[in-house]
Each structure stands twice: as C-alpha cells, then as structure tokens.
Amino acid sequence: MNLGAETQVDPVTLGLIRNALSSVADEMANTVIRTAYSTVVRDCMDFSTALCDKDGQTIAQGVTIPFQLGSIPYALAATIRKFEGDICPGDVFIMNDPFEGGIHLPDIFVFQPIFVDGELLAWSAAVSHHLDIGGRVPGSAACDNTEIFQEGIRIPPLKLYERGVPSDAIFSILESNIRVPLQTLGDLRSNLAALRIGEKGVAALADRYGAGLLSLYFAELIDYTERLVRAEIRSWPDGEYTFTDYLDDDGVDAGEIPIKVAMRVAGDSLEVDFTGSSPQVQGAINSPISFTISCCGYAVRSSMQADIPDTYGLFRPIEVIAPEGSIVNPVMPAASSMRGVVGFRLSDALFGALARILPDRIPAAGEGGNSLVIIGGYNNERQPFIMFDLVAGTWGARPSKDGNDGLTNPGSILANIPAELMELDYPVRLEQYSLVTDSGGAGKYRGGLAVCRDWRYVGDRPATLSIRSDRREHPPYGLYGGGKGAPSSNVVNPGTGQERILRTMVTDELRPGEVIRHVQPGGGGWGDPLERKPDAVERDVRNGKVSAAKAAELHGVVIDQESGRVDEKATRLLRSDLRAAAIEVP
C-alpha cells in the first residue's frame, strides 16, 4: 500500500486495531498460564506479555503485572542498540541484566522481531520471574545478598535463537547453573510459545490492513496515549508536591531507608524527582532505573480517569530524576534480587504526593507490597525443591470506600499458590490462611485487613527460608485523618517454647516440623474515624473484622454486648467526649 502524506487516521480503525492488539497480548498471557511449569509463573502469575513497534515502544500489553510491563521498552531498547543491523527473521533475544535495561536476575526477558514482507514491523515480548536462576540461595533471591554476583546468572542481551536455530550453548549454560532446570527451562519455553502467538497475531493484522498502514496506526496509538496523558496532567494544579516514605531496613544493615519524592506539575508535563532518597544499600533491594521508571508510570497511570491505552505514550510526558548511585538507580555491583519492595515503597511515596494533587482519587497506603516467602532445599534423595509463595495482601481505604481485604497489590496483580497445589508439589503444609481482626487502619473508611499465612515445613532435611516483607517499623499510612494499618510480623514456631521472631527481610534456616507464620500489614484508613457510620462499624464487629473494644476506642461506637447492635445514646456521648479530648490536645 502506498501511503502518502494525505493518509488520514480513522478513529474507528484505530479503536479496532487497539483492541485487536490488546487481545493478542492477552492471548500471549493465556498461553503462558496454560503452558508454564512452575507455580510462581503458572499459579502466582508472576509474568507479563506485550507487543511493541519496530522501535521497541510498547503498543499493547497483556492484563499482567504493571511493574514489569513498563520495563519492557527499556530492556528491549538495550537489545536493539546492541544488535542494530543484525536483527533477522527467526531471531529470539534473551536478557536479564539489571544494568542493561533489566529489572533483576530472576526476571528473564525474551523478545522476538516480527517481520512482514522482509521488513521489521513489530516485536513480541514476554518476561517471567523464574523459580531459580542460580546464585547462593534456592530461589535466587535473598535480601542479604550484597552484590549481583551472588544472585545467579547474569545474561546480557544475547541471541537465544538465530534465524530459527537455537543456541545450544545458552540453553546448556542455563541448565547447568539452575537448581530446578526442568521448571525454569519449561517456563522459558512457555514464554517462547507466547512470542509466537504474538507474531501470528500481528501477522494476521498485517494481512488485513497492510504493514504500512498498521505501522502508521502503531505510531498514532502511541501519540494518542500521550495526548490523553498530557490532557490529564494539564487538569492538575501546577506546583510541587512532596512526600517521604520509609523502608524498615535492607536485610543487612539496620535503620530506616527514606524514599523521597517531589512531583512537579507544569502544564501538561510531570517531573518525578527522587533526589534525597537513600543511597544504594548493601542489601538486595536496590531498584534498577528501568524498574523505577516503570513503577512511576504505574502510579501516575493509576491516578488517571480517562480510558488511556497501555502504550509507551504514557511515559513521554513524565521525566524521572533518579540520582545515580541511589537506591532507585544503583550502580555496579549493587544487588537487586528483592528490588520489588522498593518499587512498592516508591509507589507509596508517589501516591502520597498524588494525594495532595488529587485528594478525591488516591487511597491510603496498602500492605506495602506482596510478601515473598521462599522455602527451598533438598530431600533425602538429594532432589531439589523451591517453594516460592507470593502473599497477596490488602488495600488501603479509598476516599469513598473501605480498603479491599486480601486482594493483591494493584502494582503486581499476583496470586497465592492454592493450598492443594502447594502441598502436592512441595514438602509444605498450609495450616492457616486468614484475615486479622483489628488490623485495618481506622477511618471514615477502614483500611483492608492484614493477611496471615502459616506454612509448616514437613521435609526431611533443614531448608533455607528467605522472606521479603516490610512495614513493621513504618506501618502503612492513613490519609486525611485515617489511622495507620497494623504492622507486619514474621514468627517461627508461634505460641511454642521454640518461638523466634525474624526480621522483616531475612534469610534463615527452617528445620523439619517448624512453622513460619507471616502476618502482612493492614491497610491505612481514610478520613476521621469518628465520621464512620455506626452501622458500618456494627457490621465490622459482627463480621469479626473489628473488635467491640476497638470500635469504641477508635470509632467511638458502643456495641451492646447482648444484642450486638449499636447503643446509639452511648455512642453519641462517647463520640462527643472523644472529639472534645481531641480538641484539648495541643
């Protein structure tokens, strides 16, 4: 098709192509779910899929993890730069290096160029968190790693397939350096299958519309996204908005770690400045720059109301300032295997600043990110196992609703391993999975309740236990008078004479028969707790979410013990007393 300057973009066709691309990206994601081997990919769904234009800019993404998706164009850009002039039909590229566009070693990216009539038209992309990639501990992720060389195999951008021929050398190196090669290579091949689905889907669109016209619409889709994002930002009040949040520690050194953000709105542009945040730390929680930028895009996109396509156009109006050598832009040889917790915390800081721009849209802090619990080792036959569980948490209260209980953080969209599959595949028995009474922050709208999960290790030999959690010393914040959520905890053998309390980020030993209990933080509250409707408090007490004692202490609502109903007269008096006491406090 000959496309001249007079070619016009038809909005109906744009909508059809946009939806078709999204469907292809979702089909890629479904392919991974149906064919993956490991529980972390198949059941926890720790993976992402996307389509990009010929320059590596995202044009569609599957309904998968926002934190990963924003990193794809940066990882792909590094690959394109390295192989410029040597990208051919049948090639497949692989990489995971955090210092070349990756986000941490367990997340392996694979990219396939899509050619039509001999010309590069697009890319299909997938990234999965792999169960093991080598390194010093099972699962390749430990907060007390202190350099990247402890974390597993570091893969620069390489050709996994060249003109359709696999690199036996790369596959052999991976197989020889991974504790569970069957699962890891099986997951890798599931991602490769997803790439082919993406290729077929784009080729079908090219047959329908023509490659030239399709390329034009790819560019327009990205530009359209940018225009919508700029229009949203333009509606925000100009100014600088700051917020500081903290991590408890880095798994190596004690002491709080600040994440400082200044958001500067100027017309239709947004500057996100992390100057003043902690220098990079010894522990393995440093956030590579591509991951930091991705998390910024997620937070900004989450606050917007318009139906905005999920393309690279989101990032064009946003400038991210992340000082080199900081925890949000580390340099060699910084460890980053547990960098997710910094992504969650910098997102919380961004939401704290956004709450000052858009107070009617932004929720209080949630659980602080999905907790990660890894139990790995060998049985008596020296066969390895790695149980990798992502504890999906809870939300902070919203400006018009309570926080969701036990729902995954929206930055990650992950799931817990089903108990039956966990017990079938691993020497682990799940003995408790519950919500914790009185853990949600008080407010006009209550924060979501904390999740509690108990694992009993029933293996033959001592195992390695790795935990990534947070928000013990700095519980999730409330907004506009709302209370903090309850803090997290990690306890081995709770309620016994052998009980021991672990740090929030820790690598330890778990002996046969021992139990590890993890309690996530509760979500923060939103608004004055004394403005919560008494019938909502009554319902919480009746459902076991709030105790009668806390209902009176925090909300000023008196529940009659016999009827279980609100004592309206006693409630009016108590609330009056609590308000008077609050006024008297200097």
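Numbers for residues simply follow the sequence, beginning at 1.
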Could you check if a side-chain atom of Y246 sits within less than 4.5 angstrom of a side-chain atom of I257, using non-hydrogen atoms only?
no
Min side-chain heavy-atom separation I33-F47 under 4.5 Å:
yes
Can any side-chain N or O of N96 pair as donor or acceptor with the backbone N or O of I153 at less than 3.5 Å?
yes
Using only atom types and a distance under 3.5 Å, with no angle test, would you say the side chain of N145 pairs donor to acceptor with the backbone of E147?
no
Under a 3.5 Å cutoff, is there a donor and acceptor pairing between the side chains of Y37 and T184?
no
Mark yes or no for whether E423, through its side chain, and E420, through its backbone, hold a donor-acceptor pair below 3.5 Å.
no
Got a donor-acceptor contact below 3.5 angstrom from the S488 side chain to the D470 backbone?
yes
Any side-chain heavy-atom pair of R503 and D248 under 4.5 Å
no
Looking only at non-hydrogen atoms, find the nearest pair between P462 and E509 and report the distance.
CB-OE2, 3.5 Å
Check against side-chain contact (heavy atoms from CB on, under 4.5 Å), V391 and N370:
CA-CA 5 Å; V391 184; N370 301 109; over 6 Å; no
Going from CG on L510 to CZ on R456, what distance comes out if it is rounded to the nearest 0.5 angstrom?
10.0 Å
D438 bridged to R446 by N-O distance under 4.0 Å
no
If you draw a 6.0 Å radius around CD in E562, do more than 12 non-hydrogen atoms from other residues or ligands fall strictly inside?
no
Distance alone, cut at 3.5 Å: any donor-acceptor contact between the side chains of D253 and Q282?
yes
Can you tell if the side chain of F388 reaches within under 4.5 Å of the side chain of H129, non-hydrogen atoms only?
yes
Just checking, any donor-acceptor pair under 3.5 angstrom between side chains of D454 and Q432?
yes
Residues D144 and T507: side-chain donor-acceptor under 3.5 angstrom
yes
Would you name the heavy atoms of R382 and Y378 that are closest together and state the gap between them?
O-CD2, 3.5 Å
As a quick check of understanding, evaluate side-chain hydrogen bond (donor to acceptor under 3.5 Å, both in side chains) for S38 and D187, giving each step before the final call.
CA-CA 7 Å; S38 74; D187 287 347; 2.5 Å; yes
R179 side chain to G135 main-chain N or O, any donor-acceptor pair under 3.5 Å?
yes
Picking from K484, R345, E256, what satisfies side chain to side chain donor-acceptor pair (under 3.5 Å) with H474?
E256
State, yes or no, whether a side-chain contact exists between R500 and V491 at a heavy-atom distance under 4.5 Å.
no
Indicate yes or no for a side-chain donor-acceptor contact from R301 to the backbone of I308 under 3.5 Å, with no hydrogens or angles considered.
yes
Atom pair SG (C452) and CG (L435), whose distance is rounded to the nearest 0.5 Å:
9.5 Å
Aromatic contact, H104 with F291 (centres under 6.0 Å)
no
Given the rule in the side-chain contact (heavy atoms from CB on, under 4.5 Å) test, do T394 and L407 qualify, once you have shown the distances and angles that lead to the verdict?
CA-CA 5 Å; T394 196; L407 186 64; over 6 Å; no
With distance as the sole criterion, is a donor-acceptor pair present between the side chains of S287 and T292 under 3.5 Å?
yes
Least distance between heavy atoms, P487 atom then P475 atom
CB-CG, 4.3 Å
In terms of side-chain geometry, is the basic nitrogen of E553 or K550 positioned less than 4.0 Å from the acidic oxygen of its partner?
yes
Heavy atoms of A25 and T49 approach each other most closely as O-OG1, 2.9 Å
List the atom of N490, the atom of S469, and the distance in Å for their closest heavy-atom pair.
ND2-OG, 3.1 Å
Any chance the side chains of S371 and H518 put a donor and an acceptor closer than 3.5 Å?
yes
Are the charged groups of D348 and R471 less than 4.0 angstrom apart, N to O?
yes
Test your reading of the model: is there a side-chain donor-acceptor pair from E381 to the backbone of Q383, 3.5 Å cut-off?
no
Just do the side-chain contact (heavy atoms from CB on, under 4.5 Å) check on V492 and Q498 with the steps written out, would you?
CA-CA 8 Å; V492 175; Q498 290 77 45; over 6 Å; no
Just by distance, do the side chain of R398 and the backbone of G447 share a donor-acceptor pair under 3.5 Å?
no
In plain terms, say whether R565 and E538 are close enough for a salt bridge, that is, a side-chain N and a carboxylate O under 4.0 Å apart.
yes
Heavy-atom side-chain proximity of V328 to V342 below 4.5 angstrom
yes
Intermediate values then yes/no, salt bridge (charged side-chain N to carboxylate O under 4.0 Å, His left out), R532 and D402
CA-CA 10 Å; R532 186 164 177 79; D402 291 345; 2.8 Å; yes
Given the rule in the salt bridge (charged side-chain N to carboxylate O under 4.0 Å, His left out) test, do K260 and D245 qualify, once you have shown the distances and angles that lead to the verdict?
CA-CA 7 Å; K260 296 185 177 182; D245 208 344; over 6 Å; no
Using modelled atom types only, decide if a donor and an acceptor are shared between the side chain of D249 and the backbone of M505 within a distance under 3.5 Å.
no
Could you give the distance from CD1 (I197) to OG1 (T31), rounded to the nearest 0.5 Å?
4.5 Å
For F344 and Y298, I'd like to know if the aromatic rings sit close, meaning centre-to-centre distance below 6.0 Å.
no
Taking the side chain from D405 and the backbone from L449, do they hold a donor-acceptor pair closer than 3.5 Å?
yes
As an exercise, state the distance from CD1 of I417 to CZ of R42, rounded to the nearest 0.5 Å.
8.5 Å
Minimum heavy-atom separation for A392 and L414, please, with both atom names.
CB-O, 4.1 Å
Go through the steps for T64 and I413 under the test side-chain contact (heavy atoms from CB on, under 4.5 Å), then give the verdict.
CA-CA 7 Å; T64 45; I413 316 180; over 6 Å; no
Compute whether any side-chain donor of one residue and acceptor of the other, for Q68 and S48, lie under 3.5 angstrom apart.
yes
Can a donor-acceptor pair be found between the side chains of E499 and N493 at a distance below 3.5 Å?
no
Answer whether the closest heavy-atom distance between the side chains of L530 and L578 falls below 4.5 Å.
yes
Quickly, which of P98, S337, S140, S336 forms a side-chain contact (heavy atoms from CB on, under 4.5 Å) with L105? Name it, please.
P98
Within this structure, what is the CG-CD1 distance for the pair N191 and I108, rounded to the nearest 0.5 Å?
8.5 Å
Are side-chain heavy atoms of Y477 and F351 found at a separation under 4.5 Å?
yes
From L372 atom CG to L390 atom CG, the distance as rounded to the nearest 0.5 Å
5.5 Å
Chi angles and distances behind the side-chain hydrogen bond (donor to acceptor under 3.5 Å, both in side chains) call for S412, N409:
CA-CA 6 Å; S412 55; N409 189 291; 4.8 Å; no
